[in-house]
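Structure first, then comments.
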Amino acid sequence: LKSWKKESSFGEKQGAHGGVWECPDLVELPIEGTKEKRWVLICNINPGGPFGGSATQYFVGTFNGKKFVNDAPTETKWMDWGKDNYATVTFNNAPDGRTVALGWMSNWQYQGVLPTKQYRGANTIARDLSLYRKDGDLYLKSSPSIEMIDARGEKNTIPSFRVKENYKIDNIVKDNVGAYEIEMSIKNNGASRIIMTLSNTKGELLHMHFDVQRKHFVMERSESGQTDFSRDFPALTVAPVESTDNIKLRIFVDRSSVEVFGEDGEYVMTNRVFPSEPYNTITFENERGNFVVKELNIYKIK
């Protein structure tokens, strides 16, 4: 810009300030179940993310063309609860008036030493953005874009089952090259911890669980495959969840990434992984009580 006029400023004493703010994006989004809209300021930070390094925060408020005002100035809101969603940007004039977002799927703590050849990073899958109300406040929902339904290929449906101790499913995808979607719904019957582990024949494990008492979804990747390239990589990431009574998940697994969408995107967790072969087994375990996996579908991704 050769000439410009300052209209307003935003950010002092609001949100996280552990590092530089960059890649801002200001979009107007619909509030689910209403005809209302609200403005969302997406603002990426590096470092200062909830689990170290880079991450994406957002603010919900009003914008009059010159000044943005945050509705919840004392709360920090994160768009993704993993280590590997940053520099999120949206597309303008997307089909059907949707706001479609893409994140950069890495973290500046270890981007320069990723154990990859021929490429140096990846993007998240596309996500459709909207707002929803919870406890009188507005939060961002990041749902897998509807085109991911069209991307589904061969389907493997597992009949409903109850987990009292453990339940193991091998060969979840035939001719597995490491790109598939897991769609599941779970009914909790008093379990204090609902555990799901992806694994392969090399003994590499990606641990996930719901901590019922704390209302947390947790992913831990210290045994997920190659992790020794950075001391910051084998991390444990945690997302707050509204309820652990009835759970709906969509998990997108690729050769070096796992993206979890809970309750249609009310919470999202994106993490890179580097297994030496694709995960092709899923094991369910519990602590106390039991739970029922009411629905479990695995789709190859075309």
Look at the aromatic rings of [X] and [Y] and report parallel, tilted or perpendicular, splitting at 30° and 60°.
{"X": "Trp21", "Y": "Phe10", "result": "tilted"}
{"X": "Phe63", "Y": "Trp39", "result": "perpendicular"}
{"X": "Phe217", "Y": "Tyr267", "result": "tilted"}

Residues [X] and [Y]: side-chain donor-acceptor under 3.5 angstrom:
{"X": "Ser106", "Y": "Asp84", "answer": "no"}
{"X": "Thr270", "Y": "Asp80", "answer": "yes"}
{"X": "Asn297", "Y": "Glu183", "answer": "yes"}
{"X": "Ser54", "Y": "Gln109", "answer": "no"}
{"X": "Asn280", "Y": "Asn176", "answer": "yes"}
{"X": "Asn271", "Y": "Thr237", "answer": "yes"}
{"X": "Tyr132", "Y": "Glu263", "answer": "no"}

Does Arg250 count as lying over the ring of Phe261, i.e. NZ or CZ under 6.0 Å from the six-ring centre, within 45 degrees of the axis? no
Residues, nucleotides or ligands: over 12 heavy atoms within 6.0 Å of [X] [atom1]:
{"X": "Lys248", "atom1": "NZ", "value": "no"}
{"X": "Arg288", "atom1": "CZ", "value": "no"}
{"X": "Gln213", "atom1": "CD", "value": "no"}

Single hit among [options] for side chain to side chain contact (heavy atoms under 4.5 Å, CB included) with [X]:
{"X": "Ile169", "options": "Thr281, Thr283, Leu296", "result": "Leu296"}
{"X": "Thr90", "options": "Val40, Leu29, Thr99", "result": "Thr99"}
{"X": "Ile194", "options": "Val163, Asn188, Asp211", "result": "Asn188"}
{"X": "Arg127", "options": "Leu102, Val268, Leu140", "result": "Val268"}

Identify whether the distance between the nearest side-chain nitrogen and carboxylate oxygen of [X] and [Y] falls below 4.0 Å.
{"X": "Lys134", "Y": "Glu242", "value": "yes"}
{"X": "Glu32", "Y": "Lys141", "value": "yes"}
{"X": "Lys187", "Y": "Glu295", "value": "no"}
{"X": "Glu7", "Y": "Lys67", "value": "no"}
{"X": "Asp254", "Y": "Arg272", "value": "no"}
{"X": "Lys83", "Y": "Asp232", "value": "no"}
{"X": "Glu204", "Y": "Arg221", "value": "no"}

Please check: side-chain N/O of [X] versus main-chain N/O of [Y], any donor-acceptor pairing under 3.5 Å?
{"X": "Lys77", "Y": "Leu138", "answer": "yes"}
{"X": "Glu75", "Y": "Asp137", "answer": "no"}
{"X": "Glu259", "Y": "Ile125", "answer": "yes"}
{"X": "Thr124", "Y": "Met105", "answer": "no"}
{"X": "Asn286", "Y": "Gly289", "answer": "yes"}

Residues forming a ring pair (Phe, Tyr, Trp, His ring centres under 6.0 Å) with His216, sequence neighbours excluded: none
Which residues share a ring pair (Phe, Tyr, Trp, His ring centres under 6.0 Å) with Tyr167, sequence neighbours left out: Phe161
Compare every heavy atom of Phe291 with every heavy atom of Glu285, then report the nearest pair and how far apart it is. O-CE2, 3.3 Å
Per-pair distances, 0.1 Å, donor-acceptor, side chain in residues 43-53, under 3.5 Å, sequence neighbours excluded:
from, atom 1, to, atom 2, distance (Å)
Asn44, OD1, Thr56, OG1, 2.5
Asn44, OD1, Ala87, N, 2.7
Asn44, OD1, Thr88, N, 3.1
Asn44, ND2, Cys23, O, 3.0

Please assess Lys202 against Glu223 for the test salt bridge (Lys or Arg N to Asp or Glu O under 4.0 Å), listing each intermediate value before the final yes or no. CA-CA 11 Å; Lys202 305 294 186 182; Glu223 300 178 283; over 6 Å; no
